[in-house]
Amino acid sequence: MIEDILEQLQLWVVFYFVEKILICYLAVHYHYRRSNVGLTRTKDVHNALITLYEASLYLHPVNGSAFAEEDMIIRNAKGDVQASARMRVSSYLARLGIDGYSIMSLFGNFISDAPEAHWLRPGSSFSVIDRAWANPTSARALARRVWLSLVASGNTALTESDIAEVLGPDREKEAAEIFNTLDENDSGDIQMEEFVGIVTEAGKTRHNVYRTIADMDHCINTFDWLCLIIIAVVMIFFIGKPLARPAPCDHS
């Protein structure tokens, strides 16, 4: 009888691993088919914005007065111009003269010292853009800062030559790739309102993808638990059969 129970337990373990592999396949397959196009587009826009934002910071540093209002909105993760009534930890640290971003970046340096690394570096361009995308207000402020700092004085549209001039002669190919990524209608220039729309729409798309992934994960987890319950009920039924079987009588 014990041997039968052990065999049933081994069978349950096999079913368990098969079920987990099936769930992983469904999750990966669905997320790839549903989100790959949107994530690829937003990744390209994100990489382009990183380069343009860093160029904007080079021309107009954050501590300057040219884009003081935009920088305040961009730095605020919620995208609000007015400060929240709820005091955050970063505000307490700021009163003490401590920059919370610098403290967090200190831990990020233990992970990687590469300049392009962004893990635990809230002040990096990657993290700044990712936070700005969380709110349309901050996304619009980011777009205005980048567009106004790159467009040549007197011009009304952003062109490939503007990007190439800022990045330098050694990065003309990169400038062309960035402009092609942002110029969706192949018009040859990008108006300010058009650029704002590109940035905000990319942010909405990215966060919609995240919400879709979270909702689908909830459905997949529910299906996972349902499968586990069915497997458990079936295995309890089969394990209970040898236990209910009467032991053979010893007539000797």
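Index from 1, following the sequence.
Nearest heavy atom pair, residue S149 against residue H60, reads CB-CD2, 3.5 Å. Considering all non-hydrogen atoms of both residues, G188 and D183 come closest at N-OD2, 3.0 Å. Nearest heavy atom pair, residue D162 against residue A157, reads OD2-O, 3.5 Å. Pairing each heavy atom of E19 with each of C227, the nearest pair is OE2-CB, 3.5 Å. Considering every non-hydrogen atom in both A176 and E160, the closest pair reads CB-OE2, 3.3 Å. Annotation for D189 and S187: closest pair O-OG, 2.7 Å, computed over non-hydrogen atoms.
Residues R145 and S56 have side chains that bring a donor and an acceptor to within less than 3.5 angstrom of each other.
Under the 4.0 Å criterion applied to side-chain N and carboxylate O atoms, E193 and R144 are not assigned as salt-bridge partners.
Counting only heavy atoms from C-beta outward, the side chains of L158 and V146 never approach each other to under 4.5 Å. Contact of the L182 side chain with the F195 side chain is registered, since non-hydrogen atoms from C-beta on lie closer than 4.5 Å. At a threshold of 4.5 Å between non-hydrogen side-chain atoms, the residues V62 and F67 do not count as touching. Side chains of R171 and I163 form no contact here, defined as non-hydrogen atoms less than 4.5 Å apart. Residues I73 and E70 form no side-chain contact, since every pair of their non-hydrogen atoms from C-beta on lies 4.5 Å or further apart.
With hydrogens and angles ignored, the 3.5 Å screen pairs no side-chain donor or acceptor of W225 with any backbone N or O of I220. At distances below 3.5 Å, at least one donor-acceptor pair connects side-chain atoms of R41 with backbone N or O atoms of T181. Side chain of N221 to backbone of D217: a donor-acceptor contact under 3.5 angstrom is found. Although no hydrogens or angles enter the test, the distance criterion places no donor-acceptor pair under 3.5 Å between the side chain of W133 and the main chain of H46.
L59 and V151 fall within a single hydrophobic cluster, where Ile, Leu, Val, Met, Phe, Trp and Tyr are joined by side-chain heavy atoms under 4.5 Å apart, directly or via other members.
Atom OG1 of residue T159 and atom CG of residue L150 lie 10.0 Å apart, to the nearest 0.5 angstrom. A distance of 15.0 Å separates CZ of F17 from CG of L22, quoted to the nearest 0.5 Å. Rounded to the nearest 0.5 Å, atoms OH (Y53) and CG (L142) are 7.0 Å apart. Residue N180 holds its CG atom at 11.5 Å from CG of D44, rounded to the nearest 0.5 Å. Expressed to the nearest 0.5 Å, how far SG of C24 lies from CG of L26 amounts to 9.5 Å. Put simply, CD1 on I190 and CH2 on W147 are 10.5 Å apart, with the number rounded to the nearest 0.5 Å.
The 12-atom threshold is exceeded at NZ of K20, counting heavy atoms of other residues, nucleotides or ligands nearer than 6.0 Å. With a 6.0 Å radius and a threshold of 12 heavy atoms from other residues, nucleotides or ligands, Q191 has its CD atom above the threshold.
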Are T156 and M192 close enough, and set up right, to give a side chain to side chain contact (heavy atoms under 4.5 Å, CB included), and what steps lead you there? CA-CA 8 Å; T156 59; M192 182 175 179; over 6 Å; no
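No option in T42, L49, N47 other than L49 meets the side chain to side chain contact (heavy atoms under 4.5 Å, CB included) test with V45.
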